[in-house]
S.K.: 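Structure incoming, see below.
Counting starts at 1 for both ligands and their atoms, in listed order.
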Amino acid sequence: MIERGRVNDRDRERMNDRDRERERARDRDRDRERDWRARNQQRGGRDSEREPGEIVVPAGGGGGGGGGRREEGEFKARDHHHREQSASLPNKRKFTPIVWDLEQGQKNSSRSAERIAPTVSSKFGPSPSVRRQQHPVASRSSSPPSPRKSNSTALFIESAPTNSVTSPEPGQVLPDSPLLVVNDDNYEMEKEKSPAPATIAASRWAEDPQTPQHNSSTPSRGPPKRAKKSVSLDSENRDQEASTSPEPGEYRQDKLSNSGGRMSEDGEEYERELNKKELQELDEDEGIDDEEIQQPELDSDMEAPAHVPVGPPHRAIDMLKGCRSVDEFERLNKIDEGTYGVVFRARNKQTGEIVALKKVKMEKERGGFPMTSLREINVLLSFHHRSVVDVKEVVVGNNLDSIFMVMEYMEHDLKGLMETMKQPFSQSEVKCLMLQLFDGVKYLHDNWVLHRDLKTSNLLLNNHGELKICDFGLARQYGSPLKPYTHMVVTLWYRAPELLLGAKEYSTAIDMWSLGCIMAEFLAKEPLFNGKSEIDQIDKIFKTLGTPSEKIWPDSVKLPGFKCNFVRQPYNRLREKFPPTAFAGRPTLSESGFDLLNRLLTYDPQKRITADEALNHEWFREVPLPKAKEFMPTFPARSEHERRMRRLMKSPDPLEEQRRREARQAEVGSGGLFG
Ligand SMILES: Nc1ncnc2c1ncn2[C@@H]1O[C@H](COP(=O)(O)OP(=O)(O)OP(=O)(O)O)[C@@H](O)[C@H]1O
């Protein structure tokens, strides 16, 4: 009892500290918002039309799909950024595929770090230049300035290839490409009005001709500063935005992890309190289930440590000191079991922080450490972004034969959440979620990563309205043409038509298609194209969007699957599913909302909207404005019973089974329907 009393006191103290800190943050936000409102009122902002919790954005773009006029300041900064890009960067999309294949990479790197990729994608014309550019990951491993990233490369990235990246000549402009505009009944071909150029060189690791320190010959190359977002999610986001791309040598202090910080300090200080019994329990995960919960479920928020150390986070694995043991964590309950791992909720014994522990499934690999997990750990340790789930560190199991990723804990995944919701998300909630999603995907694409498995179950949501992308098991670095990709990626329902038709070269556009499916699912609370097989999936897409022709998608004829006899459906019927006014309980979508959805679901990947363009879409500036994260509804955690039922329901899911098969096939490179 006394012990429990002490614990309660400590909890109360922590909560008080956190409350005080939150109060201060809220004061700051209130000041900012007051400021903002004052300015907005001067400009004639339309507060009265907002939904509760909407983000206040500049008034110029508001109102029923209005012309997207922009305000001074934030918007201008972005325009300037775009203008700079457009001066030197002709192409809309980074299309040239690199297969970042670890095995291949190991071979390559051992041969030569200087190697220049010999082939060039035809997408950039007959004689594109080949600019030698250090592979983004490799450049991180050799770049000392970022304390967060340097160590993480030691374990997995050391062997990553120093790839070359093909890109168009600076100033080279592709011929005007027609943009597919799909209206209610017909396809129309329309000249693209103002293509927003964003090319390979737009990457944070790309050479920036304006800034000499980004030259490939400069060892301390760092990512260029990014322009401010035109629509900020909230004040915290604005703050974070500035620190997303640290300058060389800049220390991050925005999100520190106790455990992460400890990794780099003396081992003595972190002598483990080994608890053999618990250790074995956690390690033998097969026997673990919800019945074994030993701790009461508390809100992670309540249990977060009050004290946050100041200093750079060290989430990376330090090979000299080794990984900490999973014993440092107390298992609370099993959250879910995916194809590649079992996810537990756990508590950091030292800090009290609630985390998610993803145990890597070893049996998925024929020999050695699972490649999918290597990829995921690699990507997640390297990245830090508000919309990407944070991996704090990697810990090892008792017998050193199991590996756990320690991640920030998120209360929900969006698939599970929508299953429990009675109503779909409101328009302003969908906008809030989509903004965060585009923001995260832009970050990935800017950092040369294709997620390749975006779907609602891989999107996590916490009780602060924050959305984070997880599950990077299929993620790939892209950029240099080493060998064709497998098209057997992305869970069927979210898979782009080029993949379904057997494309081996693909780009960031595949993720954008998935985001189109996700946006539709957020609005309707049900999947847009729920095919049972690849053929059925293609069929469903064609029935809704119309069968693509060579006219609207010129490259489609080159795809192996194009010649198949698919259903001929000349019209786009998407608008029927998302009418402009309420009809038979269907989700409504304004003209601009529908335009965004159409651009995400554009057949031709080269014309499909990019994450950057999507972030600037006028839908986010028209009423109802995006809801601020703080005002997003919170949802009760799933009961253990619900979780268990969901797991039981999940296993016979043919999609899951198919995905397992496909993932295995993908690793050995065998083809699928059109392989
Ligand atoms: N950080 C986290 N916090 C809370 N829950 C999480 C977290 N990470 C994952 N989960 C839960 O675990 C589930 C499976 O995680 P994840 O998708 O990473 O595993 P996987 O084995 O790769 O799954 P899949 O079979 O979808 O590929 C997620 O859908 C989510 O419900």
S.K.: Taking the side chain as every heavy atom from C-beta outward, state whether T508 and W448 have any pair of such atoms under 4.5 Å apart.
M.R.: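 Side-chain contact under 4.5 Å: no.
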S.K.: Which atoms of ligand 1 sit under 4.0 Å from any heavy atom of N458?
M.R.: 17 (O), 26 (O)
S.K.: Do the side chain of K349 and the main chain of D327 share a donor and acceptor less than 3.5 angstrom apart?
M.R.: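 Yes; judged by distance alone, with no hydrogens or angles, the pair exists.
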S.K.: Quick check on contacts: which atoms of ligand 1 are under 4.0 angstrom from a heavy atom of V389?
M.R.: 1 (N)
S.K.: Report, in ascending order of atom number, the atoms of ligand 1 lying under 4.0 Å from any heavy atom of A356.
M.R.: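 Within the 4.0 Å cut-off of A356, ligand 1 contributes 1 (N), 2 (C), 3 (N).
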S.K.: I'd like to know if the side chain of H412 reaches the main chain of L414, judged simply by a donor and an acceptor atom lying under 3.5 Å from each other, with no hydrogens or angles considered.
M.R.: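 Side chain of H412 to backbone of L414, a donor-acceptor pair under 3.5 Å: no, none is there.
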S.K.: For atom 15 (O) of ligand 1, tell me which residue out of L460, V343, I335 has the closest non-hydrogen atom.
M.R.: V343
S.K.: Examine the proximity of ligand 1 to K455 and report which part, side chain or backbone, both or neither, has a heavy atom under 4.0 Å away.
M.R.: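 Side chain only.
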S.K.: Any donor-acceptor pair under 3.5 Å linking the side chain of W513 with the backbone of P497?
M.R.: no
S.K.: Going by distance only, is there an N or O of E408 that falls short of 3.5 Å from an N or O of ligand 1?
M.R.: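 Between E408 and ligand 1, an N or O pair is found under 3.5 Å apart.
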S.K.: R345 near ligand 1, heavy-atom distance under 4.0 Å?
M.R.: no
S.K.: Minimum heavy-atom separation for M405 and L380, please, with both atom names.
M.R.: SD-CD1, 4.4 Å
S.K.: Heavy atoms, side chains only, cut-off 4.5 Å: are F404 and V394 in contact?
M.R.: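 The answer is no; the side chains never approach within 4.5 Å.
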S.K.: Does even one non-hydrogen atom of G473 get within less than 4.0 Å of ligand 1?
M.R.: no
S.K.: Rounded to the nearest 0.5 Å, what separates atom CZ in R345 from atom CZ in R331?
M.R.: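 The CZ atom of R331 is 12.0 Å from CZ of R345, to the nearest 0.5 Å.
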S.K.: Can you sort out which atoms of ligand 1 are near D336, meaning under 4.0 Å from one of its heavy atoms?
M.R.: 12 (O), 13 (C), 29 (O), 31 (O)
S.K.: Any idea which atoms of ligand 1 are less than 4.0 Å away from a heavy-atom of S457?
M.R.: 28 (C), 29 (O)
S.K.: Would you say H451's side chain and D453's backbone share a donor-acceptor pair under 3.5 angstrom?
M.R.: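 Yes.
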S.K.: Considering M410, H412, K358 one by one, which has a heavy atom nearer to atom 4 (C) of ligand 1 than any of the others?
M.R.: M410
S.K.: Can you find an N/O atom of D413 closer than 3.5 Å to an N/O atom of ligand 1?
M.R.: yes
S.K.: Just which atoms of ligand 1 are under 4.0 Å from any heavy atom in M407?
M.R.: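 Those atoms are 1 (N), 8 (N).
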S.K.: Within the structure provided, determine whether M512 and H445 are in side-chain contact (heavy-atom separation under 4.5 Å).
M.R.: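 In short, these two side chains touch, coming nearer than 4.5 Å.
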